[in-house]
Amino acid sequence: MRAIDYYAHHNRLADWHPVEKAIFAFSHLFLVLLLKSPAVSAFVFLTMSLAAVAVAGIPWRRYLALLSLPLVFLLISMVPLAVSVAPAGTVPARLLQSGDIFGWQAYIAAAGARQAFVLCLSAYAGVSCMYFFILTTPFSGVAFALCHLRVPQVFIELTAVTYRFIFVLVVKAEETYKAQKSRAGYRGWRSSLQSLSSLTANLFIQTMREARAVQLAVDARGGAEMAQRTSNGYRLRPYALAAAFVLFSLSFSLGLIF
């Protein structure tokens with residue numbers, strides 16, 4: 001999470017208009033979810049990856065490391081889609097692989113394998129769209145875009161507080177963990193369980209205190225903190241919108257062809 005926030009503030013597109021980046025990312029995300037075409041998904045994934053690495057300047061090693069996190073969940077979710085279980089003796093069409101498990105037949109059919117592959121590729125392309133947006137847009141830009149979309153102010157304030165307390169939670173957890181380690185915590189199975197339960201309880205109490213203090217500070221300023229932070233210093237770039245439209249048209253054409 002810290003790496004994402006760092007690169008959101010330190011990339012070549014950080015000062016670009018967040019609406020431009022939102023149009024570019026979410027239009028392709030909508031197209032991927034709508035068409036579910038392997039060609040479109042592969043093209044969108046490559047486009048978003050090149051935009052994040054080559055254009056925005058995100059280190060490719062860090063980008064691949066971030067992409068590897070959702071890949072584990074996607075591969076696990078492919079198993080129930082690709083593998084089917086049926087009574088012994090069932091002969092499905094276009095069988096790829098099969099085996100007996102306690103009198104039942106587990107098999108992988110061509111249709112199931114293709115469905116799992118298409119869904120996994122579409123989901124991964126959608127992840128690349130989201131990664132491009134969050135890796136190139138600071139939260140102030142996200143709030144700016146939400147304001148222009150006429151999202152209720154209370155929702156933006158809650159989102160800002162939640163986003164902030166993700167980092168507060170991480171910092172408090174690290175501080176408590178280091179303090180426990182210095183007092184010979186996590187030295188065995190029983191000690192680890194006790195230390196973990198103590199960390200969870202203390203973390204909840206400290207986070208609630210911090211949340212109350214921040215809420216009092218926001219109320220004292222009349223709840224207008226986010227409105228002051230979101231500046232109107234962004235400017236639209238026609239060539240960026242034109243490039244987004246061209247890439248969207250190319251992706252849509254691939255979906256019609258393939």
Side-chain angles (χ1 to χ4, degrees), residues 4 8 11 13 16-56 58 63-64 66-84 93-94 96 108-137 139 141-152 155-156 159 234 236-258:
I4 293 176
N11 68 89
L13 303 180
W16 285 43
H17 203 293
V19 175
E20 294 174 343
K21 292 178 283 188
I23 291 174
F24 176 63
F26 291 104
S27 62
H28 284 83
L29 175 62
F30 173 77
L31 193 64
V32 166
L33 297 178
L34 178 65
L35 299 180
K36 292 185 175 62
S37 169
V40 173
S41 299
F43 179 77
V44 169
F45 176 79
L46 292 176
T47 301
M48 293 298 162
S49 299
L50 288 175
V53 175
V55 180
I58 306 298
Y63 185 75
L64 291 179
L66 291 173
L67 282 177
S68 64
L69 298 177
L71 181 61
V72 177
F73 296 97
L74 289 176
L75 293 178
I76 294 176
S77 63
M78 287 181 63
V79 176
L81 292 174
V83 179
S84 301
R94 301 182 64 183
L96 297 179
I108 301 176
R114 173 177 172 76
Q115 181 185 22
F117 173 75
V118 170
L119 290 178
C120 183
L121 188 59
S122 300
Y124 215 48
V127 168
S128 67
C129 295
M130 297 300 299
Y131 267 5
F132 170 79
F133 184 70
I134 64 176
L135 286 172
T136 59
T137 310
F139 184 80
V142 176
F144 179 83
L146 292 177
C147 288
H148 276 65
L149 291 175
R150 300 297 187 271
V151 175
F155 178 81
I156 301 176
T159 305
Y234 298 109
L236 290 172
R237 293 171 172 82
Y239 62 88
L241 295 175
F245 178 76
V246 169
L247 291 172
F248 178 83
S249 301
L250 184 57
S251 301
F252 186 73
S253 300
L254 287 175
L256 295 179
I257 295 174
F258 298 98

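In this chain, residues are counted from 1 in sequence order. None of the values given here were measured: they were computed from a predicted structure.
S49 contributes no side-chain N or O that, together with a main-chain N or O of L46, makes up a donor-acceptor pair within less than 3.5 Å.
The six-membered or imidazole ring of F132 lies near that of F24, with a centre-to-centre distance under 6.0 Å.
By the 4.5 Å heavy-atom criterion applied to side chains, H28 and F248 are counted as neighbours. Annotation: side chain of I4 is in contact with side chain of L135 (closest heavy-atom distance under 4.5 Å). Between F45 and C129, the closest side-chain pair of non-hydrogen atoms is not below 4.5 Å. Residues I58 and N11 are in side-chain contact: their nearest non-hydrogen atoms beyond the backbone lie under 4.5 Å apart. Looking only at side-chain heavy atoms (C-beta outward), V246 and L250 stay at 4.5 Å or farther from each other. In this structure, V151 and T159 have side chains that are not in contact, with every pair of non-hydrogen atoms separated by 4.5 Å or more. Using a 4.5 Å heavy-atom threshold, the side chains of F26 and M130 count as touching.
The aromatic rings of F144 and H17 lie perpendicular to each other, with more than 60° between the two planes, well past the 30° mark.
Closest non-hydrogen pair, F133 versus P18, comes out as CE1-O, 3.8 Å. Closest of all the heavy-atom pairs between Y234 and G141 is OH-CA, 3.5 Å. Minimum interatomic distance between G126 and L29 (heavy atoms only, all atoms of both residues): CA-CD1, 3.5 Å. Between A125 and S128, the shortest heavy-atom distance links the atoms O-OG, 2.5 Å. C120 and L74 get closest at one heavy-atom pair: SG-CB, 3.9 Å.
For F155, the CZ atom sits in a loose shell: 12 or fewer heavy atoms of surrounding residues, nucleotides or ligands are nearer than 6.0 Å.
Between the CE atom in M78 and the CZ atom in F73 there is a gap of 16.0 Å [rounded to 0.5 Å]. With rounding to the nearest 0.5 angstrom, the CH2 atom of W16 is 5.0 Å from the CZ atom of R237. Distance check: I23 CD1 to L236 CG gives 8.0 Å after rounding to the nearest 0.5 Å. Here OG of S68 is found 7.5 Å from CG of L66. Values are rounded to the nearest 0.5 Å. The distance from atom CD of E20 to atom OG1 of T137, rounded to the nearest 0.5 Å, is 10.5 Å. Note that NZ of K36 and CG of L121 are 12.5 Å apart. Values are rounded to the nearest 0.5 Å.
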CA sep, side-chain torsions, deciding dist, call: I156, C147, side chain to side chain contact (heavy atoms under 4.5 Å, CB included): CA-CA 8 Å; I156 301 176; C147 288; 3.5 Å; yes
Verdict with supporting geometry, S41 and Y124, side chain to side chain donor-acceptor pair (under 3.5 Å): CA-CA 8 Å; S41 299; Y124 215 48; over 6 Å; no
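Considering I257, L256, L35 as possible partners of V40, the one that fulfils the side chain to side chain contact (heavy atoms under 4.5 Å, CB included) test is L35.
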